[in-house]
Amino acid sequence: MNKSNLIETGNRLELRKIRHIKTAEEITYVSRFLYQESADEAVIEMPAKEGALVALEPGTAFLVCFYTNKGLYQCRVQVVSRRYEDKLPVAVIKFRSEFERLQRRQYYRIECLLNMEFCVPKEAELERLLWEKSSFHEQVIQEQTTPEEEQEEETGTPVNFYTGIALDLSGGGVRFNSGYQAAEGEVIAMKIAFLEQDVLKQQLLFAKVLAVYPVPNRTGLYEHRVQFVHITNAERESIIRYIFFEERKRRKKEAGGD
């Protein structure tokens with residue numbers, strides 16, 4: 001795909017640092033596309049984070065999402081150099097992969113701190129939970145559950161739920177920390193609660209574990225990245241409504257609104 005026919009001057013972009021195990025937590029920077037300098041290089045504004053300029057280091061790799069008039073596109077890039085143009089700090093990036101089209105609702109993430117519980121059901125337990133899922137939809141929370149409480153199945157077999165903290169959420173998945181280390185490739189069942197129209201609601205969601213990392217400087221704590229599976233349109237729409245509601249609320253607060 002010809003990038004020059006896709007990205008336009010002023011298009012917003014988000015850079016996510018490509019991280020590896022035991023590195024610092026992922027950070028997202030927001031910037032703007034300025035122009036394409038050659039077939040495989042482009043110039044972008046130097047991004048800012050919390051009002052402070054971020055000087056991108058040459059050689060650093062990022063996963064970039066471009067917000068174009070034709071939709072969202074993602075590719076890998078590497079910072080080549082940095083300089084000033086008319087007193088504006090800019091960075092030159094080199095495209096390292098082809099563009100991949102993204103679904104907006106699945107990509108957009110919001111940082112959060114939400115309590116959650118999860119278990120790693122066996123195949124028979126997973127089938128039963130999926131069957132019961134329709135009766136669980138968005139239960140209103142009446143009282144706090146006991147952390148890591150042992151819940152009894154109808155068969156009498158205990159299911160261990162482990163506590164966690166969701167760090168960010170999207171229509172496609174969750175990033176969370178927990179003292180329990182799940183394994184990559186496992187399917188987990190999670191209970192996560194969030195406000196919707198001022199009512200605290202809980203959903204039972206299923207997700208596949210994509211990656212697990214030890215949290216730096218926190219012995220016994222693990223970061224999990226999971227992707228939703230067996231999710232209904234209604235459940236995804238509920239998550240997306242929460243995300244956009246929180247985003248609007250935060251923007252209003254930053255602007256000094258009530």
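Every heavy atom of this structure was used, including side-chain atoms; hydrogens, water molecules and symmetry mates were not.
- We find the OG-CD1 distance between Ser31 and Ile44 to be 4.0 Å, quoted to the nearest 0.5 Å.
- Here Ser170 contributes atom OG and Arg175 contributes atom CZ; the two are 11.0 Å apart, rounded to the nearest 0.5 Å.
- Using modelled atom types, no side-chain atom of Glu41 and backbone atom of Ser38 make a donor-acceptor pair closer than 3.5 Å.
- Ring geometry for Phe66 against Phe33 counts as perpendicular: the plane angle is over 60°, on a 0 to 90° scale with 30° as the lower cut.
- Considering SG of Cys65 and OH of Tyr73, their distance stands at 11.0 Å, rounded to 0.5 Å.
- Few gaps surround NZ on Lys94; more than 12 heavy atoms of other groups in view lie less than 6.0 Å from it.
- Smallest separation of non-hydrogen atoms from Ala39 and Phe95: O-CD1, 4.5 Å.
- Side-chain contact check for Phe118 versus Val226: every heavy-atom pair is 4.5 Å or farther apart.
- In this structure a side-chain-to-backbone donor-acceptor pair under 3.5 Å is present from Ser178 to Thr163.
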Worksheet item: Between Ile93 and Phe62, does a side chain to side chain contact (heavy atoms under 4.5 Å, CB included) hold up when you go through it step by step?
Response: CA-CA 9 Å; Ile93 58 174; Phe62 290 93; over 6 Å; no
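- For the pair Tyr180 and Ile188, the minimum side-chain heavy-atom distance is 4.5 Å or more.
- Met190 places none of its side-chain heavy atoms less than 4.5 Å from the side chain of Gln203.
- Looking at heavy atoms from C-beta onward, Arg12 lies in side-chain contact with Glu14 at the 4.5 angstrom threshold.
- For CZ of Arg218, the number of neighbouring non-hydrogen atoms (other residues, nucleotides, ligands) closer than 6.0 Å is 12 at most.
- Taking the ring pair (Phe, Tyr, Trp, His ring centres under 6.0 Å) definition, one finds that Tyr222 meets it with nothing, sequence neighbours left out.
- Between Phe228 and Ile231, the shortest heavy-atom distance links the atoms CD1-CD1, 3.8 Å.
- Side-chain N or O atoms of Arg236 include one that pairs as donor or acceptor with a backbone N or O of Gly171 at under 3.5 Å.
- For the pair Leu63 and Gln74, the minimum side-chain heavy-atom distance is below 4.5 Å.
- Side-chain contact check for Leu205 versus Ile239: some heavy-atom pair is nearer than 4.5 Å.
- Cluster membership check: Val77 does not share its hydrophobic cluster with Val30, using side-chain heavy-atom separations under 4.5 Å among Ile, Leu, Val, Met, Phe, Trp and Tyr.
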Worksheet item: Given the rule in the side chain to side chain contact (heavy atoms under 4.5 Å, CB included) test, do Ile165 and Asn115 qualify, once you have shown the distances and angles that lead to the verdict?
Response: CA-CA 5 Å; Ile165 299 292; Asn115 292 321; 3.1 Å; yes
Discussion item. Show, in sequence, the C-alpha distance, side-chain angles and deciding distance for Phe176 and Ile192, and conclude whether the side chain to side chain contact (heavy atoms under 4.5 Å, CB included) test is met.
Written reply: CA-CA 11 Å; Phe176 69 89; Ile192 187 167; over 6 Å; no
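- Annotation: the span from Arg32 atom CZ to Thr9 atom OG1 amounts to 9.0 Å, rounded to 0.5 Å.
- The main-chain N or O of Ser238 is never found under 3.5 Å from a side-chain atom of Glu235 such that the two would form a donor-acceptor pair.
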Discussion item. What verdict does the side chain to side chain contact (heavy atoms under 4.5 Å, CB included) test give for Asn177 and Glu223, after you've listed the backbone C-alpha separation in whole Å, the side-chain angles of each residue and the deciding distance to 0.1 Å?
Written reply: CA-CA 4 Å; Asn177 283 353; Glu223 177 183 304; 3.3 Å; yes
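- Side-chain N or O atoms of Glu45 include none that pairs as donor or acceptor with a backbone N or O of Pro47 at under 3.5 Å.
- Using a 4.5 Å cut-off between side-chain heavy atoms of Ile, Leu, Val, Met, Phe, Trp and Tyr, Tyr35 falls into a hydrophobic cluster with Leu34, Val43, Val80, Leu88, Val90, Val92.
- Separating the CD atom in Glu98 from the SG atom in Cys75 is a distance of 9.0 Å, to the nearest 0.5 Å.
- Within the model, atoms CD of Gln227 and NZ of Lys208 stand 8.0 Å from one another, a figure rounded to the nearest 0.5 Å.
- Here the closest non-hydrogen pair linking Met46 and Ala55 is SD-CA, 4.0 Å.
- Distance alone, capped at 3.5 Å, places no donor-acceptor pair between the Arg76 side chain and the Ala61 backbone.
- Using a 4.5 Å cut-off on side-chain heavy atoms (C-beta onward), Asp168 and Val174 make no contact.
- The shortest heavy-atom contact between Phe161 and Ala189 is CE2-O, 4.3 Å.
- By the 4.5 Å heavy-atom criterion applied to side chains, Tyr29 and Leu56 are counted as neighbours.
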